[in-house]
2 protein chains.
Amino acid sequence: MTSTDHPAFETGGTSLTVGQVARAAGVTANAVRFYERYGVITGHRSSGNARRFTVDAICRIKLALAAQRVGITLKESAEILAGIPPLSRDLDRWVGAGDELVRIGRARIAQLQATVSELATLDFLQPDPARDRPPG
Amino acid sequence: MTSTDHPAFETGGTSLTVGQVARAAGVTANAVRFYERYGVITGHRSSGNARRFTVDAICRIKLALAAQRVGITLKESAEILAGIPPLSRDLDRWVGAGDELVRIGRARIAQLQATVSELATLDFLQPDPARDRPPG
DNA sequence: ATTTGAGTTCGCCCATAGGCGAGCTTCTAG
DNA sequence: CTAGAAGCTCGCCTATGGGCGAACTCAAAT
């Protein structure tokens with residue numbers, strides 16, 4: 001048994017299976033295949049038609065998961081990620097993507113704070129004159 | 001034409017149609033029927049099987065809509081609203097429900113802020129030792 | 001050779017939050 | 001009386017984010 005022939009340890013090479021990526025990213029293998037279909041990650045195939053990924057895929061999934069938490073859909077994450085090279089090639093682009101997501105997150109927070117204010121005063125219960133008057 | 005016989009003006013009575021509730025709440029009639037099926041609102045039927053609501057239904061929908069914006073599902077809103085009487089009967093209970101939603105909203109904001117921090121540092125890209133080491 | 005374990009595709013299933021059209025009834029005005 | 005507006009039910013469709021099982025292949029270990 002070498003350092004690369006056991007699936008559970010084969011992370012030194014550039015080739016990871018769905019399961020390895022799944023475990024490293026904290027999702028299921030199902031989810032990983034799903035992410036590939038949606039273009040969140042890309043990979044190639046082994047001679048036996050098995051998916052192969054690099055560690056970069058793990059990072060992309062993790063970014064997408066964090067993005068989800070600020071309200072970004074997988075499709076949007078896929079679009080963002082499609083524009084940036086592997087993390088190891090260009091860290092700055094990843095930092096830039098992170099900053100973009102930070103802006104989106106801050107905007108979401110502002111919206112939430114507004115909604116919380118409304119809920120605190122129950123202001124939204126007041127009839128909206130524009131809607132309650134018939135048009136004309 | 002009296003003050004109550006034209007549908008668009010018949011809001012002085014206690015009986016509102018789906019369309020009237022929909023317009024007042026800023027949603028579609030479809031959505032109003034949906035809300036009724038999910039127990040967000042309740043109503044009775046006219047002799048001709050048409051839905052009839054009171055103005056209270058409008059308030060319940062508006063509360064549910066605000067709740068949605070802090071991440072509460074319609075089902076959860078239905079459960080909350082099921083426990084409280086009409087707004088006109090017990091304003092305090094509505095204030096209480098609002099306060100509960102405010103707490104939930106603040107919690108959501110805290111979560112978002114944590115995620116934003118992670119995005120700002122890209123910390124989550126760091127491998128999670130607990131996941132990358134094989135179990136055992 | 002065979003038995004695992006992990007991989008593959010396909011396709012149906014869930015919840016959430018409705019939209020939309022079909023076909024039918026009911027109501028109200030003119 | 002008849003037309004139009006609005007209501008009704010039913011059921012299929014959408015998008016999002018996967019879960020799950022069936023049936024099958026593939027590779028490595030015994």
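These numbers come from the heavy atoms of this one structure, side chains and all, not from hydrogens, waters or symmetry mates. By convention in this document, chain letters (A, B, ...) are assigned in the order of the sequence lines, proteins followed by strands, and residues within each chain are numbered from 1. Please read these numbers as outputs of a predicted model, since none were measured by experiment.
- Between atom CD of residue Q68(A) and atom CD1 of residue I72(A) there is a gap of 9.5 Å, rounded to the nearest 0.5 Å.
- Contact check of residues 107-114 of chain A against DNA chain D (heavy atom, cut-off under 4.0 Å) returns no residues at all.
- Residues in residues 38-83 of chain B take part in these ring-ring contact (aromatic ring centres under 6.0 Å, His included) pairs, two or more places apart or across chains: F34(B)-Y38(B).
- Every residue meeting the side chain to side chain donor-acceptor pair (under 3.5 Å) condition with T115(A), not counting sequence neighbours, appears here in chain and number order: R69(B).
- With K62(B) contributing its side chain and Q126(A) its backbone, the two residues share a donor-acceptor pair below 3.5 Å.
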Can you check nucleotides 25-27 of chain D for protein contacts, nitrogen or oxygen pairs under 3.5 Å, and list what you find?
none

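- Between the P atom of dA5(D) and the CD atom of Q20(B) lies a distance of 17 Å, rounded to the nearest Å.
- With sequence neighbours left out, the side chain to side chain contact (heavy atoms under 4.5 Å, CB included) criterion links S46(B) to A50(B), R52(B).
- S46(A) comes within contact range of no nucleotide atom at all, as no heavy-atom separation falls under 4.0 Å.
- Here the CG atom belonging to L125(B) is positioned 11.0 Å from the CZ atom belonging to R60(A), to the nearest 0.5 angstrom.
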Determine all donor-acceptor pairs shorter than 3.5 Å in which one atom belongs to a side chain in residues 82-110 of chain A; sequence neighbours excluded.
residue, atom, partner, partner atom, Å
D90(A), OD1, D92(A), N, 3.3
D90(A), OD1, R93(A), N, 3.3
R93(A), NH2, G83(A), O, 2.7
W94(A), NE1, P85(A), O, 2.8
R108(A), NH1, Q111(A), OE1, 3.0

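- Using a 4.0 Å cut-off, no side-chain N or O of Y35(A) falls inside it from OP1 or OP2 of dG17(D).
- One interatomic measurement links the two molecules: CZ of R33(A) to C1' of dC20(D), which rounds to 11 Å at whole-angstrom precision.
- Side-chain N/O atoms of T17(B) include one lying less than 4.0 angstrom from OP1 or OP2 on dG7(D).
- For the side chain to side chain contact (heavy atoms under 4.5 Å, CB included) test, residues two or more places apart in sequence or in another chain that qualify with T121(A) are D123(A).
- Remark: N49(A) pairs with R45(A) by the side chain to side chain contact (heavy atoms under 4.5 Å, CB included) rule, at least two apart or across chains.
- Rounding to whole angstrom units, CZ of residue F34(B) and C1' of dC8(D) are separated by 18 Å.
- Atoms CG and CD1, from L81(B) and I61(B) in turn, are 10.0 Å apart once rounded to the nearest 0.5 Å.
- A heavy atom closer than 4.0 Å to some atom of DNA chain D occurs in Q68(A), T73(A), L74(A), these being the qualifying members of residues 63-77 of chain A.
- When side chains are defined from C-beta on, V55(A) does not count as touching V21(A), because their heavy atoms never get closer than 4.5 Å.
- Partners of E79(A) by side chain to side chain contact (heavy atoms under 4.5 Å, CB included), not counting sequence neighbours, listed by chain and number: K75(A).
- The interatomic distance linking R45(A) (CZ) with dT8(C) (C1') rounds to 8 Å, in whole Å.
- Counting to the nearest Å, the P atom of dG17(D) and the CD atom of E36(A) are 17 Å from each other.
- With values rounded to the nearest 0.5 angstrom, Q113(A) atom CD is found 10.0 Å from L112(B) atom CG.
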For nucleotides 10-14 of chain C, list the nitrogen or oxygen atoms of the protein found under 3.5 Å from its nitrogen or oxygen atoms, one pair per line.
none

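- The CZ atom of R51(B) sits 15 Å away from the P atom of dC27(C) (whole-angstrom rounding).
- Not counting sequence neighbours, S117(A) has no partner by the side chain to side chain donor-acceptor pair (under 3.5 Å) test.
- In terms of position along DNA chain D, the nucleotide closest to R52(B) lies nearer the 5' end than the nucleotide closest to the other residue of the pair Y38(A) and R52(B).
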